[in-house]
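Heads up: the structure comes next, in structure tokens.
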Amino acid sequence: MQLEKVYEPQRFEPHWAQWWIESGIFQVDAKWAQARRASGAHDARSENTGRTFSLVIPPPNVTGSLHIGHMLEHTIMDVAVRWHRMQGEITLWLPGTDHAGIATQMVVERQLASEGLTRKQLGREEFERRVWQWKEEYGGRINHQIRREGASVDWSRERFTMDPGLSRAVRETFVRLWDKGLIYRGEYMVNWCPRCQTAISDVETAHEAIEGYLWHIRYQIRGSGEALIVATTRPETMLGDTALVVHPEDKRYLHLHGTTAILPILGREIPIIADPLADPAFGTGVVKVTPAHDPNDFEVGKRHKLPFVKVIGEDARMTNAAGPYAGLDRFEARKRIVAALEQSGELVKTEPYTVSIAKCDRCKTIIEPLVSTQWFVRIKPLAAKAMEAVRSGKIRFVPDDREIIFFQWMENIRDWCISRQLWWGHRIPAWHCHNCQEITVARETPALCPKCHSTEVEQDSDVLDTWFSSGLWPFSTLGWPDDTEDLRTFYPTSLLITGFDILFFWVSRMIMLGIECTGDVPFREVHLHGLVRDAERQKISKTKGNVVDPLDLIERYGTDACRIALLISAAPGADIALKTDRIESARAFANKLWNASRLLFMNMERSGIDSWDPKESTGSLSTEDVWIEERLNSCAAIVDDALKAHRYHEAAQALWDFVWKEFCDWYLEVKKLQFDSHALSVYERMLRLLHPFMPFVTEELWQRLMSVSPAEHAKSLSLAPYPKPSGSWSENKKVEEFRLIQRIVTNAREIRADRKIDPKLQLESTLHLRDGLLSRSDLTVIESLAKLKITQTAMVESTDVALPFTLTIALDSQSNGASRLRLEKDNARLEKAIVTQSRQLNDHTFVSKAPAHVIESMRAKLAEYQAQLKKNRELLDNFE
RNA sequence: GGGCGCGUAGCUCAGUUGGUUAGAGCGCCUGCUUCACACGCAGGAGGUCACAGGUUCGAGUCCUGUCGCGCCCACCA
């Protein structure tokens, strides 16, 4: 039972992390769970409610490693999961990783580069083999981190987005969407990243405002002396111009409709057409149209059937269509074109201009919008259902103001480009016939073309956007499309906890695909947490070099300290500035708990208690016992409410205050004077209450305590029942008495600090005390806590020796005086409030207009005020 | 151009339907090597809750405006 003198989490945390897995206590058997739910049967190891609670981990990139943001996310999830598990619910937390297409491919390509290789040299098959190899090598790192975080996941259900089962789910989804006409293939304007060499979706681009120029260029009208001035921010695209556009109603240019202009440099003739695209109020009101390189121009090009001239290629170099500039990088071409126009006098003006450019989210390369054949999801029908699910409350956001952003995005959503020109990912299940050009989309690889029976069929070389497969995560991991036990038991999942930054990438796609594939929402609640930033509130990123490895922190401070530190800072949706002083103080907290336990165990020994039975009743409770029961109960109630509302920081704070300020600073200080086993009972419940937040140290201490318990108990604290707030102790007289002791001790300490007291008041106080508010043993406690020597005689009879008591009473008398004034003031306020509220409640117009719950709460408040007023008046009477 | 949020102690931040004396951690000051803990104990200083109005018996909390900061979305050359 002896505890080591120093709190060293490194000594036991890895042990419990290992043991939790080996003992399989976080594994759930779906069949067992189903039967249990059906029968509502009780489980010996915890009181089983028959309810289920399930969630899936947001799968981290398999070749990456976890950062401190993951630790926050996993800690919040773990609190929720452990709390539900201890409530006796059938609880599943499913772990796994994501293949993360572009990100992983980039990592492996970089590795190849260091060997002087490119993926093209290796070939597709060999490259894929290399990525798998990489995955096997580094995938374990994440799992190790998750274990050390204390995450109570079910490892038997670990999944990877490229597992055969999940790949089948991807194909199934693709085929279904294709059959319903919700997937199409075509030539459209896409965001092309010249570095990644692939198309990316709209959400994978980041817009940035940069200082650029607006170049004004003269376009000569054919067969007339007239010319139009056109402004552009991208002069290199002019080589691909196929028209000039003016607004149909712009009076300045009516006479030019249908004429042609001469494209500078190339001398090509291009038509002047009318289209609402041109804003007469902007610049000269004339727009050059490059249908192959601008999304707006693309639309105009389609509308007017203009030729599409592609002057910039996939490698961001000018194509042969760019004539003299062919082969040049797009920005080099821009420079030369501007210079050439300047020389020829066709450049009439250059003005500084702030332009918004799109960059590749991943590599920050400037996106080149270009026309390309890609696969798309027709997203509007899916978005409509997703919005309906949120609007009807089938999915709830926490914090709920995030819904606004969700709706705003969903309403303006555009079709989702899902094909990527990568090698790492799920191949698109479509086959092209080289003979008849037919495209076959199928679940299984076709042997021959279903149309012409040619064997010359080849699978589409593109892979799917990584978010397409992670969008299926909540159900593909549970066995969908098969109707599995897991799916029936755990879907829809209860909760999703993830970062706000992937709301559009992931959360919205899961909602859309979940509803489409399964007919039900993928989760009932979405908790969006904030970002962990560094101490200077900067975003954490590899390039800034401020990345924190959770394992380093865990090594230094222990997992529990890191967890409680993160939790206590985690207000819903708010970013966290990570400062080590917070974690240091959290370690001090864990140390405090450790030493409080030492004290208890030592006292057990000292008082000859060699075993402790949680079921045994402890007989009559002393003043401090009743008080701590009340505090514990109140703490449990706060934790309960806070966790229900996803206010983890509030729960953590309440526990911190209870453990340190109340249990250690007051209860134990008193209890160690007259130790009995009731302290152990409070202590044990406290450990249970704290366990979801600090699982390691509580498990360690609890197991040690239970090792001397003859009673039957759960195998792990993780399976013990969570203390429920119950009953009301606050009305108990002993609670009031203990509060008085607290005041007396505090005041006695003030006396020791040489504060002056009015002697007249001291005497009155002494008398007051004698009236039996406090017992002799209470006085001993006070004496001891306040570290003063007093005698009974002195206390009763002499005003100058009985310092502690006289002092106390002095303050008491003073506060009586103050209370009286306060009561009078308070009553005036209450009377006023009662008059106002009554008037409002009697006002028929007000009552008919105000919502029912407002009226109700006003009535309740009014009653409260009246009761308070009555109580105050009685108190005032007693003063006289 | 739209949308969302923030401004509270020296620093980092809590403060859920308005309600006694606005809180925590760190830092700072004073006193304690008290037999669980100096990763500790007891006490203290420090706030016109950005500013100006308004609603209310009562505003850090609700409304309007101003200033400062951040984020997200957006095809205006």
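We name chains A, B, ... by the order of the sequence lines, and we start the count at 1 in each one.
With hydrogens and angles ignored, a donor-acceptor pair under 3.5 angstrom links the side chain of Lys592(A) to the base of C37(B).
Distances from the side chain of Lys661(A) to the nucleotides U12(B), C39(B), G25(B) place G25(B) closest. Closest to the side chain of Trp660(A), from the set C41(B), A14(B), C4(B), is C41(B). Among the nucleotides G5(B), C39(B), A36(B), the one closest to the side chain of Ala588(A) is C39(B).
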Let me check I have this right: for RNA chain B, each base becomes ., (, ), [, ] or |, based on Watson-Crick or G-U pairs with both distances under 3.5 Å. What is the full string?
((((((((.[[[[.)...(...]]]].(((((.......))))).....[[[[[..)....]]]]])))))))....
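For Glu249(A), the side-chain contact (heavy atoms from CB on, under 4.5 Å) partners are His247(A), not counting sequence neighbours. For Thr284(A), the side-chain contact (heavy atoms from CB on, under 4.5 Å) test picks out Ile229(A), Tyr253(A), Val286(A), with sequence neighbours left out. Applying the side-chain contact (heavy atoms from CB on, under 4.5 Å) criterion to Asp641(A), with sequence neighbours excluded, gives no partner residue.
Between Lys672(A) and C37(B) there is no side-chain polar atom (N or O) within less than 4.0 angstrom of OP1 or OP2. The side chain of Trp594(A) contributes no N or O atom lying less than 4.0 Å from OP1 or OP2 of G40(B).
The distance from atom NZ of Lys579(A) to atom P of A14(B) is 13 Å, rounded to the nearest whole Å. Taking atom CG of Asp575(A) as the reference point, atom C1' of A14(B) lies 15 Å away to the nearest angstrom. Residue Gln10(A) contributes atom CD, which lies 13 Å from atom C1' of C39(B) at whole-angstrom precision. Distance Arg598(A) CZ to C39(B) C1': 14 Å, rounded to the nearest Å. In this structure, Trp656(A) atom CH2 and A24(B) atom P are separated by 13 Å, rounded to whole Å. Summarising the geometry, the separation between CG on Leu531(A) and C1' on C6(B) is reported as 16 Å, rounded to the nearest angstrom. One can place CG of Asn591(A) at 14 Å from P of A36(B), the figure rounded to the nearest angstrom. Rounded to whole Å, the distance from CG on Leu599(A) to P on C41(B) is 13 Å.
Among the protein residues, Asp581(A) comes within range of the sugar-phosphate backbone only, with heavy atoms under 4.0 Å from sugar or phosphate atoms but none that close to a base. No engagement by Trp215(A) is indicated, since no non-hydrogen atom pair under 4.0 Å with the nucleic acid exists. As judged by a 4.0 angstrom heavy-atom cut-off over every strand, Lys5(A) is placed among residues touching the sugar-phosphate backbone only. Using a 4.0 Å heavy-atom distance criterion, Val6(A) is classed as a base contact.
Although no hydrogens or angles enter the test, the distance criterion places no donor-acceptor pair under 3.5 Å between the side chain of Asp241(A) and the main chain of Lys288(A). The backbone N or O of Ile379(A) sits less than 3.5 Å from a side-chain atom of Asp415(A), completing a donor-acceptor pair. A donor-acceptor pair is defined here as one N or O able to donate and one able to accept, closer than 3.5 Å; no such pair exists between the side chain of Arg563(A) and the backbone of Thr559(A). Judged by distance alone, with hydrogens and angles left aside, the side-chain atoms of Glu605(A) form no donor-acceptor pair with the main-chain N or O of Met602(A) at under 3.5 Å.
Each of Ala571(A) and Arg582(A) was matched to the nucleotide of RNA chain B holding its nearest heavy atom; the match closer to the 5' end belongs to Ala571(A).
With both ends at atom C1', the span from C32(B) to A38(B) equals 11 Å, rounded to whole Å. Nucleotides U21(B) and G31(B) are separated by 34 Å at their P atoms, to the nearest Å. Taking the P atom of each, U66(B) and C29(B) are spaced 44 Å apart, rounded to whole Å. Taking atom P on both nucleotides, C28(B) is separated from C11(B) by 15 Å, rounded to a whole Å. On the C1' atoms, G58(B) is 26 Å away from C6(B), given to the nearest whole Å. Remark: the separation of the P atoms in A24(B) and C69(B) is 32 Å, to the nearest Å. Of the P atoms belonging to A45(B) and G5(B), the separation is 37 Å, rounded to the nearest Å. Distance check on atom C1': C51(B) versus G7(B) gives 11 Å, rounded to whole Å.
Rounded to the nearest 0.5 angstrom, Leu600(A) CG and Leu701(A) CG are separated by 10.0 Å.
Relative ring orientation between Phe406(A) and Phe397(A) is described as tilted, the plane-to-plane angle lying within the 30° to 60° band.
For the segment residues 638-652 of chain A, residues with any heavy atom less than 4.0 angstrom from an atom of RNA chain B are, sorted by number, Arg647(A), His649(A), Glu650(A).
Crowding of Arg414(A) atom CZ: a count of heavy atoms from other residues, nucleotides or ligands under 6.0 Å not exceeding 12. Residue-environment remark: OH (Tyr213(A)) stays at or below the threshold of 12 foreign heavy atoms within 6.0 Å.
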Please test Arg330(A) against Glu236(A) for salt bridge (Lys or Arg N to Asp or Glu O under 4.0 Å), starting from the C-alpha separation and ending with a verdict.
CA-CA 7 Å; Arg330(A) 51 186 166 165; Glu236(A) 70 277 15; over 6 Å; no
Could you give me the CA-CA distance, side-chain angles and deciding distance for His293(A) and Phe308(A), then say whether ring-ring contact (aromatic ring centres under 6.0 Å, His included) is met?
CA-CA 9 Å; His293(A) 293 286; Phe308(A) 285 57; 10.0 Å; no
Can you give me the N/O atom pairs linking the protein to nucleotides 72-76 of chain B at distances under 3.5 Å, or say none if there are none?
unit_1	atom_1	unit_2	atom_2	d
C75(B)	OP1	Arg414(A)	NH1	3.3
C75(B)	O2'	Asn296(A)	ND2	2.6
C75(B)	O2	Asn296(A)	OD1	2.5
C75(B)	O2	Asn296(A)	ND2	3.0
C76(B)	N3	Asp279(A)	OD2	3.1

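For Phe12(A) and Trp594(A), the distance between ring centers is under 6.0 angstrom.
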